[in-house]
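Single-structure report; data block below.
To find a chain, count down the sequence lines: A is the first, B the second, and so on, and within it residues start at 1.
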Amino acid sequence: MNNAQVEIQLIASLVAIACAIPGTFLVLRKMAMISDAISHSILPGIVIGFFITQDLNSPILILLAALTGIITVVLVEYIQKTGLVKEDTAIGLVFPILFSIGVIMIAKNANDVHLDIDAVLLGELAFTPFDRLIWFGTDVGPKSLWLIGGILVLTLVLLFAFFKELKVSTFDEGLSASLGFSPILIHYGLMSVSSVTTVGAFEAVGAILVVALMIAPAASAYLLTTNLKKMLLLAVGFGVFSAISGYWLAHTLDASIAGSITTMLGLVFLLVYLFAPSKGVIAVLYREKQQRTEVSLLTFLLHLKNHDELEERHVNHLREHINWQKVRAKSVLDLALKNNMIVINKNIVSLTEKGNTFTTKAIDYIITNKDAQIEDMKDDFFLFRG
Amino acid sequence: MNFTDYTFLVIAIGTAILGAVCGMLGSFAVLRKQSLLGDAISHAALPGIAIAFLITGAKESNVLLLGALISGLVGTFWIRGIITKTHLKSDTALGLILSLFFGFGMLLLTFIQKQPNANQAGLDKYLFGQAATLLIADVYLMAIVTGLCLFVLLLFWKEFKILLFDADYTKTLGFNTKFIDVLITSFIVLAIVLGLQTVGVVLMSAMLLAPAAAARQWTNSLSTMVILAAVFGAFSGVFGTVISASQNNLSTGPVIVIVAGVFVLVSFVFSPSRGLLFKQIRFMKNRRDLELYKTLSFMHHIAETHEDISHPHSIKLLNNFQGFTRKTLQELEEKNYITISGLNWSLTPEGFEKASNLYNQNFKDE
């Protein structure tokens, strides 16, 4: 690994961390698509800033672009407030139009601007180490490293200073307002941080991939934990892992670094989506199947309890009567047998003592439907074991 | 630029058809609150284009668009999966699929660009669209798909409409809501994919939304809205193409989007029933009426203490009351509620009647 490679990975990791923090709150506040809107609509701000400063790393440009991001948020909220269209339509209208204005501005001034649309979409992470910051004649590192580092420090300071306020207002806006934290102030604070981060990350990873770095780590983390601190840490971890592994993927394939980082984020999300212990798709499907069997079992036991006639309890009749498929009937029967709920005698099914009390309890629960009663039932009634 | 030129006509007809079909289906997306789904789908189509190229090595738009269709559908159904199977919300699901698919698509595109294959140039036109590359065959394809959309739309009009406004009721009536839902979503995906070549991945969602959002402001009837949206879409397409063709260096996509944006802006401001301008005018009129009635009720208050309700009072009496101006007095006189003679005013019986029933909810006005 040479020096430039280390620097690229360092920048990518810092971008990932700086994005993951506001991203976590955006996902929790159901505002993920706002980050998409901001990342597109800062383009005209960047182009205008570039005309003025001629330097992509200038602080003025960053402020101008971040301002465009906040204007987007305000505009979306204004359109929404007029009631002419719904919120999602408002977002979907504002950012493509602002983005189009930016694209046209770039296209019309293609000769004077060293800014092309590919860079806008993809960023130029590979070139960042070549733009050095010279301070009192000494080379102190790439400009973007300082830029994104500064933004990250700012984000962290704000996060630690206002963690409590952010947490409360994210989960209970009414409570936070009654405690005296202005939800509007926190809302716009978060929007400003997201906007600044998006602009800072823009050069490195491009407009649309900023969105991936904000949402994907947070969404993956959200599937694994319900604790805010753990979620933040996990999101940061996923972000950094994807940034570094994505760099090496790009190195191997000789393709866009930003694209590879996103692909790694996608893989991480896919794995978490499928295999997360309690919220992953496989776990959910398994639980749904389990619950279906348990409900069937309960129906079956109730049927037995309600019928004393022999013909109603014949093995073959049960299948016709409750209208189960063969396989399902067998699995339910096996489950009941295994739990000593029933005995089968000459193809006649009858409840055991245990099965009888269990069914009575279950009916009690279904009729009264009180949570207090589940507590002591949880041990023997596996439907409620979570 | 010659506007009767064959190539230009092909492109103009193509963008007009595209705008129309997008407007038509976009109406459903907007009303179903699926506006951002279009954005997600159009981005999700990118890897499909790249994979189709990698597999076939062909650059025929039909093959690439088929790839885009498949990957757009995969994206759509993954979004549904995320929303139904996990506790992640729809905005997160949309943002995820949008950015992850797009990033993967960009990875593939840059990978393709590095391949020793001279045929790869031009795939990036799918990012922002290049209407100039439309061929007559593409226009035929668009026309066929539009015809198909129209046919399905008319065939299932009743089902689409009822699902749109009351999904639960539709279910109780025994319609297969899942099928209708999948059908309409698939057609939205189809329309988006169709537009990728002209408008591009990044801006396709606006093409879908803008005409529909504009049309929504002018009507409350679904059929009128769909037709209006189609017309707005077609005009945005043609105007956008004309403008972008008359200038150098202009991708068609952004120009069409801005033209459509102008339609939206005009509709937002000038629509008679919902527009901001007329809303403001109505608001101001209401406020003036309110002040007028306030003055009238104040006069009534004074007149009440006299036996003769038409007894003249000095205008000066109204001085400690904020709501009155020369103009409001004139207006009250015009409405025949008061008469003014010199510096005095007096309530007419009509004005007295009106004022005493001003706060009476049971009294029917006019």
Atom CZ of B:Phe102 and atom OG1 of A:Thr262: how far apart are they, to the nearest 0.5 Å?
9.5 Å
Locate the shortest heavy-atom distance separating A:Val103 from B:Pro254; write the atom from each residue and the value.
CG1-CG, 3.6 Å
Looking at A:Leu265, A:Thr82, A:Leu223, which one has more heavy-atom pairs under 4.5 Å with chain B than the rest?
A:Leu223
How far does OG of A:Ser278 sit from NE2 of B:His87, to the nearest 0.5 angstrom?
8.5 Å
Using a cut-off of under 4.5 Å for heavy-atom pairs, which of B:Phe101, B:Phe104, B:Phe268 has the most such pairs with chain A?
B:Phe268
A:Ile79 portion near chain B, given a 4.5 angstrom heavy-atom threshold
side chain
Is there any residue in residues 88-95 of chain A with a non-hydrogen atom under 4.5 Å from a non-hydrogen atom of chain B, and which ones are they?
A:Asp88, A:Thr89, A:Ile91, A:Gly92, A:Leu93, A:Phe95
Between B:Ile82 and chain A, which part of the residue has a heavy atom less than 4.5 Å away: side chain, backbone, both or neither?
both
I'd like to know whether OH of A:Tyr78 has more than 12 heavy-atom contacts from other residues, nucleotides or ligands below 6.0 angstrom.
no
If you look at every heavy atom in A:Ala32 and B:Asp91, which pair is closest and at what distance?
N-OD2, 2.7 Å
Of all the heavy-atom pairs spanning A:Tyr273 and B:Gly81, show the shortest one and how long it is.
OH-C, 3.4 Å
More than 12 foreign heavy atoms under 6.0 Å from CZ of B:Phe77: is that the case here?
yes
Considering residues, nucleotides and ligands other than A:Gln80, do more than 12 of their heavy atoms fall under 6.0 Å from its CD?
yes
Drop me the distance from A:Met33's CE to B:Ser90's OG, to the nearest 0.5 angstrom.
9.0 Å
Rounded to the nearest 0.5 angstrom, the CG-CG distance for B:Leu94 and A:Asp36 is 9.5 Å
Heavy-atom nearest pair, B:Thr110 first then A:Ser256, reads OG1-N, 3.0 Å
Identify which one of B:Leu108, B:Leu107, B:Leu100 satisfies the side-chain contact (heavy atoms from CB on, under 4.5 Å) criterion when paired with A:Thr263.
B:Leu107
Looking at chain B, which one of A:Val284, A:Val281, A:Ile261, A:Leu253 has the largest number of heavy-atom pairs inside 4.5 Å, strictly under?
A:Leu253
Spacing of OG1 belonging to B:Thr92 relative to CG belonging to A:Leu26, to within rounding of 0.5 Å:
9.0 Å
What part of A:Leu285 lies closer than 4.5 angstrom to a heavy atom of chain B: side chain, backbone, both or neither?
side chain
Using a cut-off of 6.0 Å, state whether more than 12 heavy atoms not belonging to B:Lys279 lie near its atom NZ.
yes
Whether A:Phe269 and B:Trp78 hold their rings parallel, tilted or perpendicular, with breakpoints at 30° and 60°
tilted
Using heavy-atom distances under 4.5 Å, tell me whether A:Lys30 contacts chain B through its side chain, its backbone, both, or neither.
both
With only heavy atoms counted, which part of A:Met31 is less than 4.5 Å from chain B, the side chain, the backbone, both or neither?
backbone
When heavy-atom pairs shorter than 4.5 Å are enumerated against chain B, which of A:Ile257, A:Leu213, A:Ile97, A:Leu249 gives the highest number?
A:Ile97
Options A:Ile34, A:Val85, A:Ile104, A:Leu267, ranked by heavy-atom pairs under 4.5 Å with chain B, top entry:
A:Ile104
CD1-NZ distance between A:Ile282 and B:Lys85, expressed to the nearest 0.5 angstrom
12.5 Å
For residues 257-267 of chain B, run the donor-acceptor check on the side chains, cut-off 3.5 Å, and write out each pair with its distance to 0.1 Å, sequence neighbours left out.
from	atom 1	to	atom 2	distance (Å)
B:Ser267	OG	B:Trp218	NE1	2.9
B:Ser267	OG	B:Phe263	O	2.8

Using non-hydrogen atoms only, which part of B:Lys89 is less than 4.5 Å away from chain A: side chain, backbone, both, or neither?
side chain
Out of B:Leu276, B:Leu109, B:Ile256, return the one with the most heavy atom pairs under 4.5 angstrom to chain A.
B:Leu276
Could you tell me which of B:Leu208, B:Leu96, B:Ile97, B:Leu37 has the largest number of non-hydrogen atom pairs under 4.5 Å with chain A?
B:Leu96
Per-residue contact mode, A:Glu87 against chain B (heavy atom under 4.5 angstrom):
neither
Decide side chain to side chain contact (heavy atoms under 4.5 Å, CB included) for A:Ser100 and B:Val255; before the verdict, give the C-alpha distance in whole Å, the side-chain angles of both, and the deciding distance to 0.1 Å.
CA-CA 7 Å; A:Ser100 301; B:Val255 184; over 6 Å; no
